[in-house]
Amino acid sequence: MAKEKEITAHIESNGKGFFSVYVVEDLPYSIIGDGFSVDEAKENFLAVYEESRRDYRETTGKDEAFSFKFVMDASAFLQQYKGIFLVRN
């Protein structure tokens, strides 16, 4: 089993209900995901990760495994939780 390094995956929103997930770190293969919700974007990101990891392993013989810590930027947080904050005057 490959040793897993924890990587921070960033979640951003375009402000119109679409989310992207990406990593900043230099990895041996590319990983990016997107979707119309945070959960959908994370699912897509993890599916791309598994596919990219498999392709990399088949091509190089090396198994580079990672675990992910997901963090949202302010726009993604506000988009994800819009409507739950009530402002009363």
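Treat the numbers as computed from the prediction; the structure is a model and nothing was measured. We count residues from 1, following the sequence as given.
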Visitor: Where do E40 and G35 come nearest, in terms of heavy atoms and distance?
Guide: OE2-CA, 3.3 Å
Visitor: Would F45 and I11 satisfy side-chain contact (heavy atoms from CB on, under 4.5 Å), going step by step from the backbone distance to the final call?
Guide: CA-CA 10 Å; F45 175 86; I11 303 170; over 6 Å; no
Visitor: Parallel, tilted or perpendicular: which fits the ring planes of F68 and Y49, with parallel below 30° and perpendicular above 60°?
Guide: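 Geometry flag for Y49 against F68: perpendicular rings.
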Visitor: Could I get the full list of side chain to side chain donor-acceptor pair (under 3.5 Å) partners for R54, not counting sequence neighbours?
Guide: E51, E58
Visitor: Of all heavy-atom pairs between K42 and V21, which one has the smallest distance, and what is that distance?
Guide: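 Closest approach of K42 to V21, heavy atoms only: N-CG2, 4.1 Å.
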Visitor: With sequence neighbours excluded, what pairs up with E6 under the side chain to side chain donor-acceptor pair (under 3.5 Å) test?
Guide: none
Visitor: Apply the test side-chain contact (heavy atoms from CB on, under 4.5 Å) to residues N14 and E12: give CA-CA distance (whole Å), side-chain angles for both, the deciding distance (0.1 Å), then the verdict.
Guide: CA-CA 7 Å; N14 70 353; E12 290 185 349; over 6 Å; no
Visitor: Starting from V48, can I reach L46 by hopping between I/L/V/M/F/W/Y residues whose side chains sit under 4.5 Å apart?
Guide: yes
Visitor: Minimum heavy-atom separation for N44 and D34, please, with both atom names.
Guide: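 Closest pair (atom of N44, atom of D34, distance): OD1-N, 3.0 Å.
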Visitor: Find out if a path of hydrophobic residues (ILVMFWY) with successive side-chain heavy-atom gaps under 4.5 Å connects I31 to Y56.
Guide: yes
Visitor: Strictly under 6.0 Å, is that where the ring centroids of F36 and F19 end up?
Guide: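 That pair fails the under 6.0 Å test.
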Visitor: Between CD1 of I32 and NE2 of H10, what distance do you get to the nearest 0.5 Å?
Guide: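 Reported value, rounded in 0.5 Å steps: 12.0 Å.
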Visitor: In the structure I gave you, are the side-chain heavy atoms of L27 and F66 within less than 4.5 Å of one another anywhere?
Guide: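 Yes - at least one pair of side-chain heavy atoms lies under 4.5 Å apart.
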Visitor: With rounding to the nearest 0.5 Å, note down the distance linking OH in Y29 to CZ in R53.
Guide: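 So the gap between those two atoms works out to 6.0 Å.
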Visitor: When clusters are formed by joining ILVMFWY residues with side-chain heavy atoms under 4.5 Å apart, either directly or through shared neighbours, do V38 and F70 land in the same one?
Guide: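 Same cluster.
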Visitor: Work out which heavy atom in V23 is nearest to a heavy atom in A9; give both atom names and the distance.
Guide: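 Here V23 and A9 meet closest at CG1-CA, 4.1 Å.
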Visitor: I need the E64 CD to S52 OG distance, nearest 0.5 Å.
Guide: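 One gets 13.0 Å once the value is rounded to the nearest 0.5 Å.
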